[in-house]
Amino acid sequence: MNEAASHVLAVAKREWRAYFDSPVAYVFIIIFLMLAGFFTFSMGRFYEAGQADLSGFFVWHPWLYMILVPAVAMRLWAEERRSGTIELLFTVSVTPLQALLGKFLAAWLFMLLALALTFTVPATAAYLGSPDMGAVVSGYLGSGLLAGAYVAAGMFTSALTRNQVISFILAVVIGLFLILAGYPPVTDLLSRWAPAWLVDGVASFSFMPHFETLQRGVVDLRDLAYFASVMVFMLFATQVVLKNKVGR
Amino acid sequence: MIKAEGLVRDFGRRRAVDGISFEVRKGTVLGFLGPNGAGKTTTIRMVAGFLPPTSGSVWVKGINVAENPVAAQKGIGYMPETTPLYGDMTVAAFLRFLAEVRGFSGAERESRVDRALERCFLQPVRNQTIETLSKGYRQRTCLAQALLHDPDILLLDEPTEGLDPNQKQVVRDMIRDMSGERVVMLSTHVLEEVEAICTRAIIISAGKVVADDTPAALKARSARYNAVTLSATGAGIAETLAGIPGVGKVETLENGSIVAFPKAGRSIAGDVLAAAQEHRWKVADIKVDDGRLDDVFRQITITEDTEKMEVA
């Protein structure tokens, strides 16, 4: 294994263990599962709808992630900067890129683990009826990518500050924007004064259309590319912030 | 092994380091001295590759640190001033993580960790969570981290700060043991430390090098160097001493002792003794001062600002 990969892996392992060495991981997973269940079965009227599909399950994920992912990501750099361990990390031949990839992978994998534990929901649907398994798989794919995009955004805001609360709030705001950018309340507000191309431009930032296609069972390369580009952009922005802020 | 040339570092408008140059060879324990805020930590951070210099360069084993920090850092063990540690890890897990980052795996990693634990006397706390450790153990954990890969260069930023006298002694002994074929560069504002372990001292003030010498040579710059303190009874002692050709100034202390300061570069102990015998003074005690580093330190680092502060 080359050196860069082993650095990424070492950092990822450390972050992963940091989740599970503290109560954070367990509290998070339990709350995530409870909320996912509550929204799906109570708010989403899963039973009453009489349909064995998971739209009432996936539709809540952007909102759940908006609140919960920043809680997972806020620590990643803010804590490192507050406690000064960043000085250690960046003087042992680890580059900012290697460190941020490691942290991103750990946080994303952690979210994927939490997501995987919701398997009881499709299992219930499969027990009660015969859901379109293709749509279930592509829905999970979309949700996993969505989680990755939120983690990347949360990691970016975490690098901006040594204060975890500020990082959390900024990440929620970015998440909210990415959800609402395509919704009428936002587009209406813009279309009153902005030219059409700008309205369309802002609307195209939204997670929602891309996530919705995947929920319907359509795996379109453009949607995958969208999520990948959000993640790459956020990771790149994180790297720029780290390079400019380190030691200052 | 370390070469710095014209290092400058600005923070906004403030110039923290202002053109520092030095070169350190193998086997040196370099004490980097200066008042708080003189730029010690900033300089060490630039050597460690954590901060890029605004201008100037540092080479570590011939590698330009700012251009290739990854390669340069392989030969460096660095203990930052704040002794940052991952508080939620155990001592052994922390060292294992850093050993992995340093490129060791499997049995090699374990033996490196064990060795570092042993060298820093951390065996009793190896499975303890770092945030529950006392200051002394935290300091040594951070030092252990810097030793994992047997670096040729050790950068220690205030390694004994906040330790009790026994712990200080332990850390100093460790540093002395480790020097040998290495370069140890340590910053401190504790002067006894420099006298105890350093083979060379650089004093910086307001971001500039103001002295660069061995601790003994620095002490010789003190006005007290070779001063003679005499406790004696007899007639006209002070006047007689002032009459000796090599003596510059004579002071009488509160307890009646008389101090004769030599003119620069003169040794007067013999003359004072001869005068005492000649005049039949009853000498209770006589002492020759070998200089005080803190005098020299004050003499060359007190700037106008600090003088104003002291007056106010």
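The sequence lines fix the lettering, A, B, ..., with proteins before strands; numbering per chain opens at 1.
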| Step by step, would you call Lys74(B) with Glu3(A) a salt bridge (Lys or Arg N to Asp or Glu O under 4.0 Å)? | CA-CA 12 Å; Lys74(B) 288 191 175 141; Glu3(A) 187 184 287; 2.8 Å; yes

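There is no contact between Met79(B) and chain A, counting heavy-atom distances below 4.5 Å. Within the 4.5 angstrom heavy-atom criterion, no atom of Ala146(B) approaches chain A. Contact annotation for Glu80(A): only side-chain heavy atoms (C-beta onward) come within less than 4.5 Å of a heavy atom of chain B. For Leu155(B), no part lies under 4.5 angstrom from a heavy atom of chain A.
Taken from CD in Glu87(A) to OG1 in Thr41(B), the straight-line distance is 8.0 Å, to the nearest 0.5 Å. In this structure, OG on Ser83(A) lies 11.0 Å from CD on Glu131(B), to the nearest 0.5 angstrom. Atoms OH and OG1, from Tyr86(B) and Thr85(A) in turn, are 4.0 Å apart once rounded to the nearest 0.5 Å.
Under the 4.5 Å side-chain criterion, counting only non-hydrogen atoms from C-beta, Phe90(A) is not in contact with Leu51(B).
Considering all non-hydrogen atoms of both residues, Val92(A) and Gln145(B) come closest at CG1-OE1, 4.3 Å. For Thr91(A) against Phe50(B), the heavy-atom pair with the smallest separation is CG2-CB, 3.6 Å. Here the closest heavy-atom approach between residue Leu88(A) and residue Pro80(B) is recorded as CD1-CD, 4.0 Å.
Salt bridge status for Arg14(A) with Glu100(B): absent, with no side-chain N to carboxylate O gap under 4.0 Å.
Summarising the local packing, NZ of Lys135(B) is surrounded by more than 12 heavy atoms from other residues, nucleotides or ligands at distances under 6.0 Å. Other residues, nucleotides and ligands place no more than 12 heavy atoms under 6.0 Å from the CZ atom of Arg25(B).
Proximity to chain B at a heavy-atom threshold of 4.5 Å picks out Arg17(A), Ala18(A), Asp21(A) from residues 15-27 of chain A, in numerical order.
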